[in-house]
Amino acid sequence: MSSFDDSEAFERASLSARAISARPMPYLDGLNPAQREAVEALEGPVLMLAGAGTGKTRALTARIAHLLATGTAQPNEILAVTFTNKAAREMRGRVGTLLGQAVEGMPWLGTFHAICVKLLRRHAELVGLKTNFTILDTDDQIRLMKQLIQAENIDDKRWPARMLAGIIDNWKNRAWTPDNLPEAEAGAFNRRGPDLYAAYQARLKTLNACDFGDLLLHMVTIFKTHPDVLQQYQRWFRYILVDEYQDTNVAQYLWLRLLAQSHNNICCVGDDDQSIYGWRGAEVGNILRFEKDFPGAKVVRLEQNYRSTGHILAAASGVISANKGRLGKTLWTEGEDGEKLRLIGHWDGEEEARWIGDEIEAMERGTRGMEAISPEGMAILVRASHQMRAFEDRFLTIGLPYRVIGGPRFYERMEIRDAMAYFRVVVSPDDDLAFERIVNTPKRGLGDKAMQKMQTMARTNGVSLIEGARLCLDTKSLTGRGAKELGLLLQGIARWRSMLTEAVPAGGDDLVVEMGTGDTLSHIELAEVILDESGYTAMWQTDKTPEAPGRLENLKELIKALESFDNLQGFLEHVSLIMDNEAEDGEPKVTLMTLHAAKGLEFPAIFLPGWEDGLFPSQRAMDEEGLTGLEEERRLAYVGITRAEEVCTISFAGNRRVYGQWQSQMPSRFIDELPEDHVEVLTPPGLYGHGGGMSASASPAAGMMRGSDLQEKAARADVYNSPGWKRLQANQGRRGMSQPRDGGNMTIDAEAISAFLLGDRVFHQKFGYGSVKSVEGDKVEIDFDKAGVKHVVGRFLVAADSAGDVPF
DNA sequence: TTTAGCATGCGAGAT
DNA sequence: GCATGCTAAA
């Protein structure tokens with residue numbers, strides 16, 4: 001295929017661009033001077049240093065609009081790269097809005113990976129692939145690595161597949177191929193690293209597949225070894241824009257530099273202070289080095305913040321200023337100072353969750369002279385996803401609607417991956433990894449041993465796994481139930497494949513030639529047929545685990561998602577686009593997510609719990625990366641604070657359950673770095689039982705002592721001013737509390753036991769009827785008839801047997 | 001071949 | 001505290 005068969009499209013696009021250029025430039029309205037500068041400097045390298053909330057996307061899209069509207073570039077001459085599909089979609093939408101739909105889509109606006117797939121399909125043969133290569137996800141990668149580990153006799157205890165796959169990923173992120181691995185790296189696991197890497201790549205090639213890292217790496221290789229190809233793209237992509245430049249890894253950096261080096265029309269947008277993806281290969285160095293890489297670069301700082309109040313910005317600046325080697329920015333706002341950051345310490349994690357739950361309800365009502373905030377406008381940002389559980393438990397208990405962002409992604413769910421593996425097997429006969437996944441799902445009596453036979457058969461005969469399986473049957477090396485089932489499966493696959501070639505786009509109104517068998521199926525019907533006939537649907541229908549109905553739901557969703565594609569192939573290719581599968585019921589919800597997931601988002605009210613050394617900053621980050629790790633954690637803190645528009649509440653707990661063990665926690669060092677002028681220390685008044693009608697709990701000794709302790713310290717300016725006072729205070733608080741805690745517990749127990757006895761029948765507003773399983777403090781463990789075992793607070797329970805309607 | 005039961009180990013997660 | 005992955009028994 002000729003790579004440059006788009007010259008006609010080129011001409012058409014050029015016409016439409018000229019039409020636009022005659023029009024005014026409304027997209028420039030309302031830009032501040034810095035934004036405008038960044039938008040109008042079209043020629044040469046530009047680094048747009050865009051602090052949090054400074055209108056980065058606005059400037060970036062205006063710049064694209066400007067390139068088009070002035071006729072400087074045609075839509076297909078602009079290469080605009082993002083990291084996520086979401087960002088790409090948003091940018092596309094906003095450019096369209098700015099130009100009033102006048103531009104036919106920009107073909108080269110997309111994620112690094114999406115663009116590389118497009119390019120690589122044109123030049124696949126240059127790296128030994130066919131143009132229809134498949135893209136492996138992380139799961140396939142690990143599966144493949146496991147096979148290699150077995151073949152190479154590697155001790156998978158010492159070198160688990162996941163780890164080796166991770167190492168190779170890292171090498172690819174750094175653009176190291178097996179033959180140019182630095183000596184230091186080549187020494188990894190007894191110098192077998194390069195061999196294993198080479199074997200892995202060879203295996204990919206025979207599978208006609210590549211992994212995510214390869215998409216970039218192969219393109220870099222092609223650009224380096226085929227100057228003619230590179231030059232053509234350099235001519236083609238006359239203007240390059242990069243979003244989130246601080247997140248680029250070495251391979252992405254090289255790719256960009258190669259493409260840009262002839263004309264240097266590259267505009268990178270990013271914020272070194274928001275670089276939080278070092279662990280997956282991002283190099284802050286890329287953005288720090290920009291002016292060296294692109295001499296004569298214009299650096300524009302976007303510093304006017306349109307999101308947060310003065311206090312929030314000041315607090316964030318205070319924290320981030322402790323980092324070294326920043327490019328440096330000073331965020332400012334024309335807005336109000338607003339509320340100070342709020343800081344509060346709690347006894348333990350559950351206490352923290354309870355307080356935040358109450359606080360959310362209070363803010364929803366709009367207490368303390370503050371305007372009411374909808375739950376939609378509130379988010380809790382945690383460092384590690386396991387922290388979410390405490391909040392989920394609490395919110396379920398009090399019936400507070402919430403949503404979790406960043407759970408297992410739709411297409412990562414087991415049932416979705418299984419179903420897609422079935423589709424893959426049908427679409428591409430050589431997809432061994434997909435076949436391996438489904439061959440014994442549902443159970444067909446084909447275990448490890450049968451698998452091994454098929455593998456060996458395939459390998460010795462140099463055929464695909466599916467062919468190997470057939471050979472196993474033909475040669476009778478497999479017998480019994482397994483063989484019978486396998487025969488049926490292979491028959492099925494062959495049949496589905498023949499239907500695939502007959503399948504037509506859904507709703508296609510062309511005249512369809514009826515095939516000999518009669519009806520022609522759409523790809524959607526075919527998908528259903530595959531799942532039904534393979535027994536996969538039946539497997540979940542007979543499954544009695546509580547997840548099964550949900551999984552069937554998801555499969556229906558999957559089938560629905562097929563509607564927007566013409567065929568199964570196209571669907572498999574674009575499967576990542578169905579990620580946003582949040583079933584929205586319109587009810588306003590509080591959002592719960594990790595700090596990483598929150599980058600780029602904003603909320604009126606933000607809660608940042610768990611600011612404790614070891615948890616945040618994460619001990620592991622500090623152990624493994626030292627100061628670098630700590631600085632990345634600090635940037636994470638900066639990202640967290642700057643998500644808040646109006647209120648930001650930071651909290652820590654003195655005790656926390658870590659891996660099922662109680663640990664006492666030290667407040668985060670980042671708390672010490674919060675500038676005191678912008679922080680208000682909260683005390684939880686009557687927290688332990690007397691406020692909010694919480695009559696069932698009673699630990700006044702602990703609660704009150706802690707409260708007054710904090711208050712007293714906060715009132716004394718000299719103590720407040722002394723370095724590390726907050727840590728000190730928390731230490732004293734903990735020492736003061738550890739005594740009364742036991743006593744407090746006894747009180748609680750006495751009271752609670754008088755209320756609930758083991759085996760009591762109870763009723764809960766949300767979970768229905770159940771019986772008491774155990775009592776601990778004011779929390780009662782209930783085995784609900786419908787909802788399963790839950791921990792709930794006594795005051796939400798009503799005895800079911802005796803009085804029936806008398807609450808405690 | 002499957003499964004139940006115990007040991008192990010743990011971060012954030014786009015593409 | 002829980003999910004994952006291995007070994008022992010059905």
Side-chain angles (χ1 to χ4, degrees), chain A residues 81-88 110-117 135-142 146 156-157 160-163 166 169 172-173 210-217 243-244 247-249 251-252 275-282 349 381-390 393 405-409 411-412 414 440 442-452 478 480-483 485 573-577 579-580 593-600 610 614-625 629 632-633 635-636 639-640 656-663 791:
Chain A
V81 275
T82 63
F83 276 85
T84 63
N85 288 312
K86 193 176 157 217
T111 63
F112 276 101
H113 293 85
I115 289 171
C116 280
V117 173
I135 303 161
L136 304 188
D137 59 24
T138 317
D139 224 59
D140 298 321
Q141 256 177 293
I142 290 166
K146 273 194 182 140
D156 63 345
K157 289 264 168 49
R162 185 176 291 278
M163 183 192 187
D169 254 357
K172 290 185 175 178
N173 285 339
C210 66
D211 60 27
F212 287 125
D214 281 337
L215 296 175
L216 262 300
L217 188 53
D243 193 16
E244 307 281 13
D247 290 339
T248 49
N249 61 34
Q252 288 157 340
S275 164
I276 55 175
Y277 284 109
W279 50 273
R280 70 184 187 205
L381 311 183
V382 296
R383 174 63 180 83
S385 55
H386 60 75
Q387 289 172 261
M388 292 184 188
R389 193 143 94 242
D393 282 354
I405 306 270
R409 312 196 134 280
Y411 71 95
E412 277 170 9
M414 189 203 311
N440 200 29
K443 300 270 177 254
R444 296 193 173 90
L446 297 158
D448 287 349
K449 233 171 155 183
M451 199 64 235
Q452 214 122 55
L478 281 174
R481 173 176 168 235
E485 296 268 7
E573 177 110 323
H574 286 98
V575 75
S576 50
L577 295 176
M579 297 183 322
D580 316 308
M593 64 182 138
T594 63
L595 285 161
H596 283 90
K599 195 170 86 160
L615 184 59
F616 186 47
S618 135
Q619 192 57 51
R620 209 170 143 182
M622 295 188 289
D623 290 348
E624 287 173 12
E625 299 290 335
E632 183 156 314
E633 296 287 296
R635 292 193 288 268
L636 209 41
V639 166
R656 197 174 286 278
R657 249 181 133 112
V658 184
Y659 305 136
Q661 292 251 279
W662 280 101
Q663 263 185 23
H791 290 266

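All chains are named by letter (A, B, ...) in the order of the sequence lines, taking the proteins before the strands, and each is independently numbered beginning at 1.
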Check your understanding: Within less than 4.0 Å of OP1 or OP2 of dA12(B), is there a side-chain N or O belonging to Ser385(A)?
Key -> yes
Review point. Counting side-chain heavy atoms from C-beta on, which of dA12(B), dC10(B), dT2(B) comes nearest to Lys443(A)?
Key: dT2(B)
Revision key, fill the gap. DNA chain B nearest-nucleotide lookup for Arg444(A) and Met622(A): closer to the 5′ end is Arg444(A)
Review point. Within this structure, what is the CZ-to-C1' distance between Arg162(A) and dG13(B), rounded to whole angstrom?
Key: 12 Å
Review point. Taking it one step at a time, do Met593(A) and Leu381(A) satisfy side-chain contact (heavy atoms from CB on, under 4.5 Å)?
Key: CA-CA 5 Å; Met593(A) 64 182 138; Leu381(A) 311 183; 3.7 Å; yes
Review point. How many Å lie between NE2 on His386(A) and C1' on dG13(B), as a whole number?
Key: 15 Å
Revision key, fill the gap. Rounded to whole Å, CZ of Phe212(A) lies from P of dG13(B) at a distance of 16 Å
**Study point:** Whole angstrom value for the distance that separates P of dA12(B) from CD of Gln619(A)
**Key:** 15 Å
Review point. Which whole-number value in Å describes the distance from Leu478(A) CG to dT1(B) P?
Key: 9 Å
Review point. In whole angstrom, what separates Leu636(A)'s CG from dG11(B)'s C1'?
Key: 10 Å
Review point. Under 5.5 Å between ring centres and under 30° between planes: does that hold for Phe112(A) against the base of dT15(B)?
Key: no
Check your understanding: Taking the side chain of His113(A) as its heavy atoms from C-beta onward, which of dG5(C), dT2(B), dT15(B) lies nearest to it?
Key -> dT15(B)
**Study point:** Residue Ser618(A), side-chain heavy atoms: nucleotide from dG11(B), dT15(B), dT1(B) that is nearest
**Key:** dG11(B)
Exercise for review: Indicate whether OP1 or OP2 belonging to dA12(B) is found under 4.0 Å from a side-chain N or O atom of Arg383(A).
Suggested key: no
Check your understanding: What is the nucleic acid contact for Glu624(A), judged by heavy atoms within less than 4.0 Å: base, sugar-phosphate only, or nothing?
Key -> base
Point to revise | Side-chain donor/acceptor of Asn85(A) to backbone N/O of Ala88(A), under 3.5 Å | key: no
Review point. So, do Thr82(A) and Glu244(A) sit near enough that their side-chain heavy atoms are less than 4.5 Å apart?
Key: no
Check your understanding: How is Asp247(A) classified with respect to the nucleic acid when contacts are heavy atoms under 4.0 Å: base, sugar-phosphate, or nothing?
Key -> nothing
Practice item. Give a yes or no on whether the backbone of Leu136(A) and the side-chain of Asp211(A) come within a donor-acceptor separation of less than 3.5 Å. Key: no
Practice item. Check whether the aromatic ring of Trp279(A) stacks on the base of dA12(B), taking stacking as ring centres less than 5.5 Å apart and planes within 30° of each other. Key: yes
Exercise for review: For the side chain of His596(A), starting at C-beta, report the closest nucleotide among dG13(B), dA14(B), dG5(C).
Suggested key: dG13(B)
Revision key, fill the gap. Looking only at dG13(B), dA14(B), dG11(B), the nucleotide nearest the Thr594(A) side chain is dG13(B)
Check your understanding: dA12(B), dT15(B), dC2(C): which one has an atom nearest the side-chain heavy atoms of Ala384(A)?
Key -> dA12(B)
Exercise for review: Mark yes or no for whether Gln387(A), through its side chain, and Ala384(A), through its backbone, hold a donor-acceptor pair below 3.5 Å.
Suggested key: yes
Review point. Should Asn249(A) be listed as having a side-chain N or O under 4.0 Å from OP1 or OP2 of dA14(B)?
Key: no
Practice item. May I have the distance from Lys146(A) (atom NZ) to dT4(C) (atom C1'), rounded to whole angstrom? Key: 10 Å
**Study point:** Pairwise side-chain contact, His113(A) with Leu216(A), heavy-atom cut-off 4.5 Å (strictly under)
**Key:** yes
Practice item. Tell me, with the steps shown, if Gln252(A) and Val81(A) meet side-chain contact (heavy atoms from CB on, under 4.5 Å). Key: CA-CA 10 Å; Gln252(A) 288 157 340; Val81(A) 275; over 6 Å; no
Check your understanding: So which nucleotide from dT15(B), dT2(B), dG1(C) ends up closest to the side chain of Arg389(A)?
Key -> dG1(C)
Practice item. Return the nearest nucleotide to the side chain of Arg620(A); candidates are dA14(B), dG11(B), dG1(C). Key: dG11(B)
Check your understanding: Rounding to a whole Å, what distance do you find between Glu632(A):CD and dG11(B):C1'?
Key -> 11 Å
**Study point:** Gap in Å between the two P atoms, one belonging to dG13(B) and one to dT4(C), rounded
**Key:** 16 Å
Study note, to complete from the structure: Of the listed dA14(B), dA12(B), dG11(B), the closest approach to the Tyr659(A) side chain comes from dG11(B)
Review point. Under 4.0 angstrom, heavy atoms only, what part of the nucleic acid is Ala450(A) near: base, sugar-phosphate, or nothing?
Key: sugar-phosphate
Review point. Between dA14(B) and Asn85(A), is there an OP1 or OP2 to side-chain N/O distance shorter than 4.0 Å?
Key: no
